[in-house]
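Report on one structure; see the data block that follows.
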Amino acid sequence: MSAGPWQLVGGSVQGPGKPSNQDAFDAGGSGGSGSPVILAVADGHGSAAHPRSAVGARIAVRQFVRLVGELMDTARSVELPEATLLRRLMSSAQHDLPRRLAAEWRREVLDHWQRQPGEAAGPEERLLLYGTTLLGAVLTPQLFAAWQLGDGELTVVDDDGSVSQPLAPERARLGDETESLGEAHAWRSVRVHWAPIVAPGRGPRLVALSTDGLSKSFAEPDGITRFVGGLDEHLREQGLEQVRAVLSGWLGEAARHSGDDATLAAAWRNPLGTEQPGRPDESVLEESG
Amino acid sequence: MTGMLAEGALLVTERGDQVEVVELLGSGGQGEVYRVRTADGGQAALKWYYPACATAEQQGIVQGLVARDFEDDRFLWPLAFVPAVADAGPGFGYLMELRPDRFRGLPALFRRQLRTSTVALLTACLQTVEAYQALHSRGIAYRDISWGNLFFDPANGDILVCDNDNAVVEGDASGIGGTMEFMAPELVRGDPGARPGTQSDLHSLSVLLFMVLMNHHPLKGRLELAIHCLDEAAERQLYGRQPVFMFDPVDSSNRPDPVEQGAVAHAWEAFPQSLRALFVHNFTVGLRDPSARVRESQWRDALRAVLDAVVECAGCGRQNATEPSATGPGACWGCGRTLVLPPRLVVITPPPRSERRILLRRGARLQQHHLVAEPARHDYGDRTLVAELVEHPSRPGRFGLLNRSDSAWTGLRTDGTTQQIAPGQTVPLRAGLELDLGPAWALVVAP
């Protein structure tokens, strides 16, 4: 395992007046050989119909990190030409991972229900109690891939400074309606971004995953892309530690405006090289519910 | 998104034609696909390989395929080799036609993101079988059949096979490790002497057909759900060392999970026994014995017969694929009502004599391929339309056969009188009516 070029920053702030933070996130790895960067954020639906969604969000993040980690371990362990490996990985990423994520989430949620039973009747009703979105990404020296179910934003700053949202749905959804891991056949709604990195400097330099508590805090529709563009600028001009120090304040401000939990997990490729193995600031991680 | 080629980059094909990169269309498992502008002002698609995939072996395959000059509208075939130029970076690619928007990928079907019909799916399967048959008959093994290569028109089942750049002459030893879930078991296991070719294509083809019709992989039943870590060893077990068909009549260990995989069990019941029997044979005997796999001609015969036996449920309107040889109606897969079978047109082809049995459901069509015993291709388009079932414009519920061919038919009524039916004319549908369609004879049979 080698130190990689990516550094991580992330945090989650509970929305004002909410009984608990129903978002969850994780960020780990360095992007070096044997240490893929894996980012995930999940937004438990939080309304009265989904009283266990905070648990559902944590399970979604945990299962995503586990399954993507296993996929990358498998890719590393098999002895195949790189060309064949990429094809296999693409098939797994687009077809298998969404199905397995939905199935494993369902399995763990029903296990949780067994340990802490409530009043819901059938398995489908029980799953809805835990309803959550999921947005996740993986970065290796050869690959950038991301998966999304439901709302939230994947915002990417490319090496040339252009900002894009490759998983943005073709049509905006109305109000707070969103797709959910709690729905039957949830895997069918998973959107996948697949972007092999063919040469150094050809891939993204900042990958940011956020829940809609952050994007809803902006008055303008492009607020989130401008925010991530500004984050990239801050990182380059002021460095990672400075951004880590102020991130919880930014998220708190966003949560105050949106009235919702606000969560961000991001990976930044430092053009000056590796500063330190990256995990988000622990004090910010503690707020992640 | 940053691709390998910049917008505006100029490249020159091996034949000397210049193309200009317009935009990146997408990234795949082997390379990126760009929209390019050609020298004559038209547009084309350019596949550009990732550096790891731009091997000398791949270059040889692509140049060989271009030289074959294979003309078949069911394939997006490599048309011109495009070598690297200084400002475009290393690697190479090839030109092909752009995929028309009406063709959609199978992931959209699996995710229920498009509207289609039983007839369109069966037609897509039949066309897929014939497309690969056309390749195999030319001595070419595709070697990489999977859901990623096939696109279809959900309105009518037309297909387009893409990513044809791993096809080689049968027996060529060049390596290809396809997607494991489509690989024949002997290749997954790495049996001595096993090598991708026509026999392993037949396994991949059967998996693909099953996935199109059932929206599920035939070997992914309960055994897959029991695997918590789907690593290399688990995949080899599932697809190679111990593959078990979900509907193996003897081994029930891999049946669909009723909660997670209930939809595939329902879909399985919706297709007739003659089609299911081929899947059972291929995924039991055929898993162990490559030479016993279902051939394209068997799939073709079964699929075309089932296509001719589709009927709409009078209750819910859903299309039902009925058993072609059945004498009585079954029940609708959607609402459970007993189906009402319409009259049947029995067509006898010229020698080698064969019989086609076409259920005359609303909108039923007789095509040119129905009139010959061994058609080169089953085309369901308007250009090959011979007859169409139409409703009388002023007497609802009365139907007739409209002559859509360019030659007259002779009708023989049960009372022995004859009638000429010129192109554009309609003959009323009556049990016992015989039609001389030129090359073939037809008889209307009451249900």
Side-chain angles (χ1 to χ4, degrees), chain A residues 66-67 69-71 73-75 77-100 102-104 106-107 110 122-124 142 144-145 156 158-160 162 164 166 184-185 187-199 201-204, chain B residues 1-4 24 26-32 48-55 57-58 89-91 105-108 110-113 144 146-148 163 166 175-182 211 215-217 220 224-225 227-236 257 259-263:
Chain A
R66 179 179 76 83
L67 290 169
E70 285 175 3
L71 183 63
D73 284 348
T74 300
S77 65
V78 295
E79 290 178 7
L80 284 173
E82 195 179 330
T84 306
L85 191 57
L86 259 182
R87 292 150 61 80
R88 289 249 181 108
L89 266 178
M90 187 177 79
S91 176
S92 296
Q94 295 187 336
H95 197 61
D96 295 332
L97 194 100
R99 288 173 67 247
R100 291 195 68 79
E104 294 293 319
R106 182 186 178 104
R107 189 201 319 257
L110 292 177
E124 302 305 323
Q142 292 84 26
F144 167 40
V156 179
D158 265 330
D159 207 56
D160 61 2
S162 60
S164 62
H185 309 298
W187 67 272
R188 291 178 187 162
S189 304
V190 175
R191 309 192 292 280
V192 183
H193 176 61
W194 171 261
I197 298 169
V198 296
R202 291 280 195 176
Chain B
M1 199 161 94
T2 312
M4 288 181 283
L24 176 64
S27 302
Q30 286 182 296
E32 294 171 341
W48 196 255
Y49 288 94
Y50 299 132
C53 304
T55 61
E57 183 181 74
Q58 187 68 59
L106 293 185
F110 302 152
R111 290 162 188 258
R112 307 285 202 278
Q113 290 167 341
D144 190 27
S146 82
W147 55 262
D163 288 338
N166 293 305
I176 173 82
T179 309
M180 206 189 289
E181 61 181 333
F182 282 86
M211 291 188 77
N215 279 208
H216 202 94
H217 192 284
K220 283 186 175 175
E224 190 229 2
L225 286 178
I227 299 167
H228 285 264
C229 177
L230 191 61
D231 57 12
E232 178 84 355
E235 285 203 279
R236 287 199 187 284
D257 178 274
V259 177
E260 294 279 344
Q261 300 162 334

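Naming convention: chains lettered A, B, ... in sequence-line order (proteins, then strands); numbering from 1 in each chain. Basis for what follows: all heavy atoms, side chains included, without hydrogens, waters or symmetry-related copies.
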- prompt: What part of A:Val190 gets closer than 4.5 Å to chain B, counting heavy atoms only: side chain, backbone, both or neither?
  reply: both

task: Select one option (side chain, backbone, both, neither) describing which atoms of A:Asp96 are under 4.5 Å from chain B's heavy atoms.
output: side chain

- prompt: Less than 6.0 Å separating the ring centroids of A:His193 and A:Phe144?
  reply: yes

Per-residue contact mode, A:Gln94 against chain B (heavy atom under 4.5 angstrom): both

- prompt: Are A:Arg88 and B:Glu235 ion-paired here, with the side-chain N under 4.0 Å from a carboxylate O?
  reply: no

message: Let me confirm one number: the NE2-CD distance from B:His216 to B:Gln261, rounded to the nearest 0.5 Å.
response: 4.0 Å

Most contacts with chain B, counted as non-hydrogen pairs under 4.5 angstrom, among A:Thr74, A:Leu67, A:Ile197: A:Thr74

field: Under 4.5 Å from a heavy atom of chain A, the part of B:Pro107 involved
entry: neither

task: Quick one: list whatever passes side chain to side chain donor-acceptor pair (under 3.5 Å) with A:Arg107, sequence neighbours left out.
output: A:Glu104, B:His228

- request: State which residues pass ring pair (Phe, Tyr, Trp, His ring centres under 6.0 Å) with B:Tyr50; sequence neighbours excluded, sorted by chain then number.
  value: none

- prompt: Where on A:Pro98 is there a heavy atom nearer than 4.5 Å to chain B: the side chain, the backbone, both, or neither?
  reply: side chain

query: Which bit of B:Gln113 comes within less than 4.5 Å of chain A, counting heavy atoms only: side chain, backbone, both or neither?
result: side chain

